[in-house]
Amino acid sequence: MRPTLEPVIHLRSAVALIGRFPALAGVDLDVESGEVVLLRGPNGAGKTTLLRACAGLVPVVSGVARVLGSDLVADRSAVRRRVGLLGHATHLYDDLSVSENVDFWSRASGATSADGRAALDRLGVASRLHELPVRSLSAGQRRRVSLASVLARRPELWLLDEPHAGLDAAGRDVVDGLMAEAASVGATVLFASHELERAESVAHRTVVVAGGVIQVDDSALEHGIPENPSRSDTEVSDED
Amino acid sequence: MRTEGVRGVVADAALVAGKDLRLERRSKVGLSQVLPFALLVILLFAFALDPDRRVLGAATPGLYWMVVLFSAVLAVQRSFGVEGEDDVLDALRLSGLSAPGIFLGKVAALMVQLLALEFVLAIAVAVFYGTEISGILLLAGVTTTATVGIAAAGGTYGGLVARIRGRDTLLPLLLLPLLAPVLISATRGTEVALGRDAGPGWPWVGLLGIFGAVYLTLGALLFRPLLEDA
Amino acid sequence: MTTTTTQAASDRRVAPTSTSSTATRVLGISSLVGLALLVIFGVFVSPPDAELGQTIRILYMHVPTVSVAYLAFLITAVGSAMYLWKRTEFWDLLAASAAEIGVVFFGLTILNGMLWGKITWGVFWRWEPRLTTTAVLLLTYLGYLAVRAIPADPRTRATRSAAIGLLAVVNIPIVHKAVDWWRGLHQERTIFGTTKPEIQGTQAFAAYLGLAVFLLLFAWLLIHRFRVAFLAERAAESGLGAAIAERRQEASESSATAVSHSEGDR
Amino acid sequence: MSTTGYIVVAWVGTFLAVGVYALWVLQRGRALSKQVAPEQRRWMKSTDTNAKDASQ
């Protein structure tokens, strides 16, 4: 069913520096294909850096770091096309219109303008907004447009940094739906969030990050989240 | 899914150039800020140098190209300032666009804007400084090759300083000394074209061409590490 | 000056407390001896030149400084290219060390050129090809040092510097050609034009001695400057181990808050 | 200022500048040596550190 049994994300004592500060101070993490994993932890714990490192944007200076089968320490740009990152910033050109932005980012990643348009509709961005310059949009709308650009590239690995932030209730439902849908088609989701009750309902597994290391990985211990049919909550089982 | 190799780079460049030019059409920074700035400096030179006597006329080619260089610095700052905001640089690194493609796209967009500015400026200089334009072919040769060099060197340094906080003041310090030979060659070439200097004009175009070719190639090669780590 | 014990270089040597070593001491002493010889020959022993008169003595300063500067920038270019290829710290530090020394010697080249100009033309500055070229190139490399001074992590700073190192060196022949055509057409006595091949005897000795001594001096400076750059990296980096430990410590402190599911960690 | 005057300025200026620069380099070296752990002070001994940097 899945080509390789190798986990989508495989980190062993990974260290990543922001300038000279060890934002990641030895991270051990495995994420299987099709999993939706929640990253929890205080501000400055290293969640954002962990997501950016998995996207190959931050060099991992020591330890093992393999994402989607390619070694990040050796060449961290190979993985980028197969990854979708939503950061705090929305990566949009203020003076261009919504459709022009999504169209540019879709075609830049090899998708078509139609994919972009479909992604915008999926994110519930009203078509009357499509021709407005992005700078006239509200923060929530901007995040939806940014998410649409990520959706349009159909990434194999979704890396979302607080996807719910700034969205209204409807928007958050759309995001939850997106994550579940991505997992169902075999993509993998790693997202950081502080909306705990909502996030834990979607996530198959929760990982607590603190001080640049993984402090609690509940796949290793019992956790009260509802039994997820496709995934047993025992030790990190290697049979699937 | 994505075309690789040279066709991929050209396709990427076209996409990026299209985006940049659409950005310019939308924001009109070039039209509403850079061009008026250029015309303003042309006037200031006239105030500084007494317009009646020969001095202004003799210095026209040099003044013209000085204004082009300053305007180019503003155009490069605008072109890469746009990429610096909202972490767009990260999205560029994550996109499938090849670094040389992005570079050549930025340079192409810069060239289009610079050529337009140079054309309007030439008319302004003809009107304000009363210079009669002659040697059109040589003039076109000088202007085109000079613009290639300015845009290529500008694009390279634009990418280099994109993430640096003090980039607006750093860019002129890095770019203008590098463009010294362009200023010399373009000015001398223009003087020959306007019939003010008997010497040969085309060797200057040759030197400008070499400068342009060197910095287009070097910029394309350097843009990947610059986008990655600069 | 240094407390390094000078017995055979066994590995139990006391850790050096400065950037000097036996090698640099040999180089340093021979440079000093050479410089002394240069003063004797260049200023006193060698006769004034038939055509240039006394100004040939400035030439003994000008030629070595400009040669060292260009050699330094060549090393910077090679270091930059190698860094972009190999991505190892060695090449980056070598390029940066050579660039700083190059700028110092370029400055001296301009000083000597201006003094020579004052004697020959009566003015400190003339748009003479060599002087003009040197000034333009000096500005380009000041840009290199300016970017190098911007605080950034080593990899970013090295990549930016490497790019400028290459962009600047490629410009050297172009600037030379442009300035030559621009100012070199009407033949005026340029400082380079005066290195007449037929100087011989003590003059030739002084000229070549000057070059050799300055190259020795350059090697000595480069080794020391490289070690300074290397030490600076180690000093900045020495905190990494401690920083990681401290970072992990931060984790255990906050473990209490994580387990208690406190909502207040926004 | 006579010709010899300028020549003296050239020589003294060049030697002085190189001397001051050399002393500045040595001084920086001595100051930095104090901040770095003894075993890390020399390039030869720490070739492994630059192997670590050999990543892409």
Side-chain angles (χ1 to χ4, degrees), chain A residues 19 48 51-52 54-59 75-97 99-113 115 131-137 139 142-143 145-146 149-150 152-155 157 159 161, chain B residues 1-4 7-33 78-102 105-106 109 163-165 223-230:
Chain A
T48 300
L51 291 169
R52 284 168 57 86
C54 291
L57 291 179
V58 172
D75 171 19
R76 55 190 162 94
S77 61
V79 73
R80 292 199 185 136
R81 289 194 188 162
R82 303 161 62 191
V83 156
L85 175 70
L86 178 79
H88 297 300
T90 50
H91 317 301
L92 298 173
Y93 292 103
D94 282 358
D95 294 319
L96 287 184
S97 74
S99 54
E100 281 166 346
N101 262 290
V102 175
D103 182 55
F104 173 73
W105 291 116
S106 317
R107 286 166 62 206
S109 58
T112 63
S113 325
D115 300 330
E131 297 323 314
L132 289 179
V134 160
R135 73 170 163 284
S136 61
L137 262 56
R142 280 181 79 109
R143 280 191 80 80
V145 173
S146 183
S149 311
V150 173
R153 1 168 355 129
R154 294 196 195 84
L157 172 58
L159 298 161
D161 201 350
Chain B
M1 191 179 75
R2 285 199 51 68
T3 46
E4 291 313 318
R7 236 158 48 71
V9 170
V10 171
D12 292 352
L15 186 64
V16 169
K19 180 262 293 180
D20 268 19
L21 290 176
R22 201 175 304 124
L23 253 170
E24 167 51 26
R25 205 171 56 241
R26 283 281 184 289
S27 62
K28 293 195 176 41
V29 162
L31 200 60
S32 62
Q33 290 175 26
R78 163 67 188 168
S79 168
F80 284 88
V82 149
E83 312 292 350
E85 284 147 22
D86 200 10
D87 257 355
V88 163
L89 276 174
D90 276 353
L92 277 176
R93 287 163 67 190
L94 278 179
S95 75
L97 295 170
S98 61
I102 298 174
K106 302 293 288 180
R163 284 205 180 84
I164 301 178
R165 266 173 305 285
F223 211 74
R224 183 174 159 64
L226 285 179
L227 188 64
E228 200 61 38
D229 291 313

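Below, each value reflects all heavy atoms present in this structure, side chains not excepted, and no hydrogens, waters or symmetry copies. In what follows, chains are A, B, ... by sequence order, proteins preceding strands, each numbered from 1.
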Subject >> Pairwise distance CG(A:D95) to CD(B:E85) - rounded to 0.5 angstrom >> reply: 8.0 Å
Original post:
Can B:L92 and A:W105 be said to form a side chain to side chain contact (heavy atoms under 4.5 Å, CB included), step by step?
Top reply: CA-CA 9 Å; B:L92 277 176; A:W105 291 116; 4.0 Å; yes
Original post:
Among A:L92, A:D103, A:N101, A:L85, which residue forms the greatest number of heavy-atom pairs with chain B at distances under 4.5 Å?
Top reply: A:L92
Subject >> Which of B:I102, B:D90, B:L89 touches chain A most, by non-hydrogen pairs under 4.5 Å >> reply: B:D90
**OP:** Would you check if the side chain of B:R22 reaches a backbone N or O of A:L96 as a donor-acceptor pair within less than 3.5 Å?
**Re:** no
Original post:
Can you find a pair of side-chain heavy atoms, one from B:L94 and one from A:R81, that are under 4.5 Å apart?
Top reply: no
**OP:** Measure the CZ-OG distance between A:R80 and B:S95 for me, rounded to the nearest 0.5 Å.
**Re:** 9.5 Å
Original post:
Going from CG on B:D86 to NE2 on A:H88, what distance comes out if it is rounded to the nearest 0.5 angstrom?
Top reply: 12.5 Å
**OP:** Begin from the C-alpha positions of B:E83 and A:Y93 and carry the test side chain to side chain donor-acceptor pair (under 3.5 Å) through to its verdict.
**Re:** CA-CA 8 Å; B:E83 312 292 350; A:Y93 292 103; 2.7 Å; yes
Subject >> Residues A:E100, B:R26: salt bridge by 4.0 Å N-O rule >> reply: yes
Original post:
So, for A:H91 and B:A91, which heavy atoms are closest and what is the spacing to 0.1 Å?
Top reply: CB-CB, 3.6 Å
Original post:
Rounded to the nearest 0.5 Å, what separation is found between the OG atom of A:S77 and the CZ atom of B:R93?
Top reply: 9.5 Å
Original post:
Is it the side chain or the backbone of A:R82 that comes within 4.5 Å of chain B heavy atoms, both, or neither?
Top reply: neither
Subject >> Cationic N near anionic O, under 4.0 Å, A:R76 to B:D229 >> reply: yes
